[in-house]
S.K.: 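Submitted below is the structure of interest, expressed as structure tokens.
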Amino acid sequence: MAQQSASVQLLEKIVSLSKRRGFIFQSSEIYGGLNGCWDYGPLGVEMLRNVKEAWWRAMTHRREIEGLDASILMHPKVWEASGHVQNFSDPMVDCKSCKSRFRVDHLFSEMSEKKLQAIAKHLTVEYRDVAKDALAESLLQKIDSDDALFPSLVESELIVCPNCGTKKSLTSPRNFNLMFETYIGPIKEKGNEVYLRPETAQGIFVNVLNVMQSSRQRLPFGIAQIGKAFRNEINTKNFLFRTREFEQMEMQYFVKEGTDEKFYEEWRERRFNWWQSVGIPKERLKLKPHEKLAHYAKAAIDIEFEFPFGFGEIEGIHNRTNFDLSRHEEFSGKSLSIHDEETKEKKVPFVIETSAGASRGFMALLCNGYEEEKVNDEVRTVMRLHPAIAPVKAAILPLVNKDGMPEIAEKLENDLRPSMKTFYDDSGAVGRRYRRQDEIGTPFGVTIDSETLENQSVTIRERDSMQQIRLPIDNVKNYILEKIGFPTS
RNA sequence: GCGGGAGUAACUCAGUUGGUAGAGUGCAACCUUGCCAAGGUUGAUGUCGCGGGUUCGAAUCCCGUCUCCCGCUCCA
């Protein structure tokens, strides 16, 4: 319990720091905020761009992976083919007595066989020689066909609240659609509804032939995309972790059937290593296989990070088989099969998906970097970000504001600025300025002092160790550039 | 959606029986200063989450609502 409250405090500290220093602000704050929506401030947007850039390079600086940026709005048929129209909409009922809420399908799947048979009898559904799961499924379909049926079950007390047992207390099923809906054109009417995409993957699937032909790729090859997706979740939670609008970094890797398992394992390892390459220690990461697979997947595993509130998913690697492309073939009537030169066959490729959360990754890196350490009996707050991820790369600090130091410092900053994000600070004691930079994760402080005036050398102070070295001022740029490069792996 | 906690300056928080707000940190200016947040002087910043109500008078009492955190529920 004490441990839990410490973790709550930690998250709150990170939220305050994010606001105070300009990483994250609440959306529409002056109007009281909007549930689960957050804005990236000046430092946040720099850092987020760095996260995405690191991912983009790791993905697309490869021979066999191409980039794409698909539209957020897509043809409504896409979401029928993908299964989202059917699977993203869950009928739910509430208990008026104990206020619990249940998914209707869960209600049935947890019933005894005998109970299901009694209900089948009531609904005149054939139940003899029908397996339990199949029976639950056909009952659900029957109920779906007529809105009066579920209330009649409640009225006849065949269904009671599974939580409190109260009779006649369940409401009629209501649909909770997790997709955001809007309209094409200015008039809201049936027939012009479209959805904000609930995942970026489908934009890749529907473009697979366009990409393949224009880039002259052949199997195996991948398509990478970074973009926003939207899910109308019932609840938001945990700062940036569960939000209704979020950004994904997805790569779909198209392979021949039969090689899918090999590539699944390969990408799982590669992605697990990537998170380490941007600064997260292995001990705070976990690979967690899915116990229950989604309708499209043959195998699925999550990469989880140890957030203050516990381990949470930051990326999923899925073997989506040929489900999506086959469905798009079926719904669009267009062939998405690919000709295999070796076997002279046309087949729908299998897909290995790596789907990482940009927003979640950002939050993971903030949580991972945040540290309070004792230095000379004082607490130093330091954000240990990988230099490539840090929003500001170098702070330029004239030791004092005279003797020509500001002029040299400004000249140095002008020299560095085209190649990196810098920050100039000449106010107060230099120690204080270092600490301000520690808090936002700036990896290097460059100080111009009296020795600079004599021999054109400066001090470079490193964030994590607080160690200082002296360097000729002309070497500063190369020294820092070498350290802030994006990881290659 | 249910239950619990919270919302006062940029941040962390005080604010007495109802009498229209303070501290620390931070921020700005000037001076001082010479390498790890601690010198001096001065200064700015408040829809007390928002909207109603009670009252001569509301940060304080009542109602509604929004947001955040925690626990359920949910998370193909």
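Each chain gets a letter, A, B and so on, in the order its sequence line appears, and its residues count up from 1.
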S.K.: Salt bridge check: are A/E315 and A/R360 linked by an N-O gap of less than 4.0 Å?
M.R.: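 No, no charged N to carboxylate O under 4.0 Å.
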S.K.: Would you mind telling me which residue lines up with the more 5' stretch of RNA chain B, A/N35 or A/R436, judged by nearest nucleotide?
M.R.: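 Looking at the nearest nucleotide for each, A/R436 comes out on the 5' side.
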S.K.: Classify A/D403 by what it touches in the nucleic acid, base, sugar-phosphate, or nothing, heavy-atom distance under 4.0 Å.
M.R.: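 Base, at least one base atom sits under 4.0 Å.
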S.K.: Ring of A/Y434, cation from A/R461 - is the NZ or CZ under 6.0 Å from the centre and inside 45° of the axis?
M.R.: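 Checked: cation-pi criterion met.
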S.K.: Between protein and nucleotides 46-51 of chain B, what N or O pairs are separated by less than 3.5 Å?
M.R.:
residue : atom : partner : partner atom : Å
B/rU47  : O4   : A/I30   : O            : 2.9

S.K.: With a 3.5 Å limit on both atom pairs, tell me what B/rG51 is paired to, counting Watson-Crick and G-U wobble, or say none.
M.R.: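 Across all strands, the one nucleotide that pairs with B/rG51 is B/rC63.
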S.K.: Between B/rA76, B/rC70, B/rC35, which nucleotide has the shortest distance from any of its atoms to the side chain of A/R470?
M.R.: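 The listed nucleotide nearest to A/R470's side chain is B/rC35.
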S.K.: Under 4.0 Å from OP1 or OP2 of B/rU33: is there any side-chain N or O of A/N401 that close?
M.R.: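 It does not, given that no N or O in the side chain of A/N401 lies less than 4.0 Å from OP1 or OP2 of B/rU33.
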S.K.: Out of B/rA37, B/rC35, B/rC70, which nucleotide sits closest to the side chain of A/D449?
M.R.: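 Nearest listed nucleotide: B/rC35.
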S.K.: Please give the distance between the C1' atoms of B/rA9 and B/rC27 as a whole number of Å.
M.R.: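 B/rA9 and B/rC27 have their C1' atoms separated by 11 Å.
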S.K.: With a 3.5 angstrom cut-off on both distances, give the Watson-Crick or G-U wobble partner of B/rG3, or none if there isn't one.
M.R.: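 Base partner found: B/rC70.
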S.K.: Within the structure shown, what part of the strands sits under 4.0 Å from A/G36 by heavy-atom distance: base, sugar-phosphate, or nothing?
M.R.: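 Since only primed, P, OP1 and OP2 atoms lie under 4.0 Å of A/G36, the category is sugar-phosphate.
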S.K.: Look through every strand shown and name the nucleotide pairing with B/rG18 as Watson-Crick or G-U wobble, where both distances are under 3.5 Å.
M.R.: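 By the stated definition (distances under 3.5 Å), nothing pairs with B/rG18.
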S.K.: Identify all pairs in which a protein N or O lies below 3.5 Å from an N or O of nucleotides 12-14 of chain B, and state each distance.
M.R.:
residue : atom : partner : partner atom : Å
B/rU12  : OP1  : A/S16   : OG           : 3.1

S.K.: Do the charged groups of A/E199 and A/R320 touch, with an N to O distance under 4.0 Å?
M.R.: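 Here A/E199 pairs with A/R320 in a salt bridge, since their nearest N and O are under 4.0 Å apart.
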S.K.: Between A/E306 and A/K286 (salt bridge meaning N to carboxylate O under 4.0 Å), is one present in this structure?
M.R.: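 The answer is no: the pair does not qualify as a salt bridge.
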S.K.: Against A/E439, only a single residue in A/K13, A/R380, A/R20, A/R384 fulfils salt bridge (Lys or Arg N to Asp or Glu O under 4.0 Å); can you say which?
M.R.: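 Going through the options one by one, the only one that passes is A/R20.
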S.K.: Verify the contact: side-chain N or O of A/N238 to OP1 or OP2 of B/rC70, cut-off strictly under 4.0 Å; return yes or no.
M.R.: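 For B/rC70, OP1/OP2 do have a side-chain N/O of A/N238 under 4.0 Å.
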S.K.: At less than 4.0 Å, is any side-chain N or O atom of A/R320 found next to OP1 or OP2 of B/rA76? Yes or no.
M.R.: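 Negative; the distance criterion is not met.
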S.K.: Between A/D39 and A/K19 (salt bridge meaning N to carboxylate O under 4.0 Å), is one present in this structure?
M.R.: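 The answer is no: the pair does not qualify as a salt bridge.
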S.K.: Between B/rA44 and B/rA10, how far is it from one P atom to the other, in whole Å?
M.R.: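 After rounding to an integer number of Å, I get 16 Å for this pair.
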S.K.: Give me the distance, rounded to whole Å, that separates B/rG53 from B/rG15 when you measure between the P atoms they each carry.
M.R.: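 Nearest-Å result for B/rG53 against B/rG15 at atom P: 29 Å.
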S.K.: How far, in whole Å, is B/rA76 from B/rA6 if one measures between their C1' atoms?
M.R.: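 My reading of the C1' atoms in B/rA6 and B/rA76 gives 34 Å.
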S.K.: Would you kindly compare A/V375 and A/R20 by the position of their nearest RNA chain B nucleotide and give the one closer to the 5′ end?
M.R.: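 It is A/R20, whose closest nucleotide lies nearer the 5' terminus.
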S.K.: Report yes if at least one side-chain N or O of A/R432 is closer than 4.0 Å to OP1 or OP2 of B/rA37; otherwise report no.
M.R.: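 No, outside the criterion.
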S.K.: Assign A/R433 to base, sugar-phosphate, or nothing according to its heavy-atom contacts below 4.0 angstrom with the strands shown.
M.R.: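 Nothing: the residue A/R433, judged by heavy atoms under 4.0 Å, touches no strand.
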S.K.: Which value, in whole Å, describes the distance between the P atoms of nucleotides B/rU73 and B/rU47?
M.R.: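 My reading of the P atoms in B/rU73 and B/rU47 gives 41 Å.
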S.K.: Sort out the partner of B/rA10 for me: Watson-Crick or G-U wobble, both distances under 3.5 Å, none otherwise.
M.R.: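 In the structure as shown, B/rA10 has B/rU25 as its Watson-Crick or wobble partner.
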S.K.: Between B/rU60 and B/rG22, how far apart are the two C1' atoms, rounded to whole Å?
M.R.: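 Each nucleotide's C1' atom is 15 Å from the other's.
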S.K.: Ignoring backbone atoms, test whether A/K237 places a side-chain nitrogen or oxygen under 4.0 Å from the OP1 or OP2 oxygen of B/rG71.
M.R.: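 Checking A/K237 against B/rG71: at least one side-chain N or O falls below 4.0 Å of OP1 or OP2.
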S.K.: Using 30° and 60° as the class limits, which term best fits the ring planes of A/H318 and A/H290: parallel, tilted or perpendicular?
M.R.: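 Correct class here is perpendicular.
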S.K.: Between B/rA23 and B/rC35, how far is it from one C1' atom to the other, in whole Å?
M.R.: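 It works out to 32 Å between them.
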S.K.: Picking from B/rC36, B/rC68, B/rC35, which would you name as closest to the side chain of A/R435?
M.R.: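 Nearest listed nucleotide: B/rC36.
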S.K.: Just checking A/E372: does its CD atom have more than 12 heavy atoms from other residues, nucleotides or ligands closer to it than 6.0 angstrom?
M.R.: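 Result for CD/A/E372: enclosed.
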S.K.: Given B/rU67, B/rC35, B/rA10, identify the nucleotide with an atom nearest to the side chain of A/L399.
M.R.: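 Selected nucleotide (nearest to the side chain): B/rC35.
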S.K.: Side chain of A/R231 only, heavy atoms from C-beta on: which candidate in B/rA76, B/rA37, B/rU67 is closest?
M.R.: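 The listed nucleotide nearest to A/R231's side chain is B/rA76.
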